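What follows is a single structure, written as structure tokens, with notes after it.
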Amino acid sequence: MTNLDQARWNWKRRLVALLTLTTITGWLTVGGLYAATPVIIEQSGIAFLPKTVSVKAGSTVTFLNSDVFGHNVYSDSDGGEFDIGLQPGGAKTSVVFENSGRFGLRCRIHPRMRAEIIVTP
């Protein structure tokens with residue numbers, strides 16, 4: 001193999017390595033951004049904000065009480081039952097949604113507060 005052939009071969013190997021590294025880095029960055037995006041449902045002004053949230057199964061949803069008084073968040077929907085109990089103002093509580101489905105949210109203290117979480121597979 002001549003020096004020119006060797007140089008071309010080295011250049012091709014470096015190009016393939018660079019493209020592979022760039023592709024892997026891109027996927028890790030996109031995946032990391034997706035995984036790092038927090039899902040927050042706020043309790044503010046005696047309302048859930050937003051009213052509807054869609055997440056993938058296994059996602060964590062954080063409930064943030066932005067009011068100065070207590071709230072409660074619960075769901076009695078089949079496959080998504082939970083109750084965080086009394087949540088004081090300023091508190092955050094996280095819940096993992098393992099099962100897919102549509103889960104209604106309510107507050108035991110303020111019965112008119114309603115929202116929905118849609119969990120996809």
Side-chain angles (χ1 to χ4, degrees):
M1 187 180 286
T2 67
N3 285 343
L4 183 57
D5 289 335
Q6 185 65 40
R8 285 183 183 151
W9 176 249
N10 287 339
W11 181 82
K12 288 178 184 177
R13 284 187 11 206
R14 287 183 185 142
L15 180 60
V16 168
L18 178 63
L19 290 173
T20 302
L21 181 61
T22 302
T23 302
I24 291 170
T25 303
W27 281 111
L28 290 174
T29 301
V30 170
L33 290 174
Y34 179 76
T37 303
V39 178
I40 298 173
I41 295 180
E42 186 176 12
Q43 300 147 79
S44 179
I46 310 179
F48 289 115
L49 302 172
K51 298 265 184 222
T52 304
V53 171
S54 293
V55 298
K56 292 204 175 282
S59 295
T60 300
V61 176
T62 300
F63 297 96
L64 168 63
N65 183 353
S66 294
D67 284 328
V68 295
F69 44 83
H71 282 293
N72 165 258
V73 182
Y74 77 96
S75 176
D76 56 8
S77 302
D78 287 342
E81 300 90 346
F82 72 93
D83 188 332
I84 67 169
L86 178 63
Q87 185 182 37
K92 292 181 190 177
T93 305
S94 295
V95 175
V96 177
F97 288 85
E98 296 291 344
N99 300 320
S100 57
R102 298 175 83 94
F103 307 111
L105 303 177
R106 299 181 81 187
C107 174
R108 293 191 192 283
I109 301 165
H110 306 100
R112 291 187 180 155
M113 288 179 64
R114 294 175 186 245
E116 183 178 51
I117 295 183
I118 301 165
V119 183
T120 59

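This structure is a prediction, so every number in the text was calculated from the model and none was measured.
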Shortest non-hydrogen pair, Gly104 vs Ser75, comes out as O-OG, 2.9 Å
Give the table of side-chain donor-acceptor pairs shorter than 3.5 Å for residues 110-121, with sequence neighbours excluded, one pair per line with atom names and distance.
from, atom 1, to, atom 2, distance (Å)
His110, ND1, His71, ND1, 3.2
Glu116, OE1, Arg102, NH2, 3.1
Glu116, OE2, Arg102, NE, 3.2
Thr120, OG1, Val55, O, 3.4

Is the shortest heavy-atom distance from the side chain of Val53 to the side chain of Phe103 under 4.5 Å? no
Do Phe63 and Asn65 come within less than 4.5 Å of each other through their side chains, counting heavy atoms only? no
Does any pair with a residue in residues 88-98 pass side chain to side chain donor-acceptor pair (under 3.5 Å), and if so which ones, sequence neighbours excluded? Thr62-Ser94, Gln87-Thr93
Would you mind listing every salt bridge (charged side-chain N to carboxylate O under 4.0 Å, His left out) that reaches into residues 74-84, with sequence neighbours excluded?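 Sorted result for residues 74-84: Asp83-Arg108.
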Give a yes or no on whether Phe48 and Phe69 share a hydrophobic cluster (residues Ile, Leu, Val, Met, Phe, Trp, Tyr; joining criterion: side-chain heavy atoms under 4.5 Å apart). yes
Rounded to the nearest 0.5 Å, how far does OH of Tyr74 lie from CG of Leu105?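 Rounded to the nearest 0.5 Å, the CG-OH separation comes out at 10.0 Å.
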With sequence neighbours excluded, what pairs up with Ser66 under the side chain to side chain donor-acceptor pair (under 3.5 Å) test?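 Applying side chain to side chain donor-acceptor pair (under 3.5 Å) to Ser66 gives Glu42.
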Applying side chain to side chain contact (heavy atoms under 4.5 Å, CB included), can you list everything that pairs with Ile109, at least two apart in sequence or on another chain?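 For Ile109 the side chain to side chain contact (heavy atoms under 4.5 Å, CB included) partners, ignoring immediate neighbours, are Asn72, Leu86, Cys107.
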To which residues is Ile40 joined in a hydrophobic cluster, defined by side-chain heavy-atom contacts under 4.5 Å among Ile, Leu, Val, Met, Phe, Trp and Tyr, whether direct or through other members?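 Hydrophobic cluster check, Ile40: joined to Leu64.
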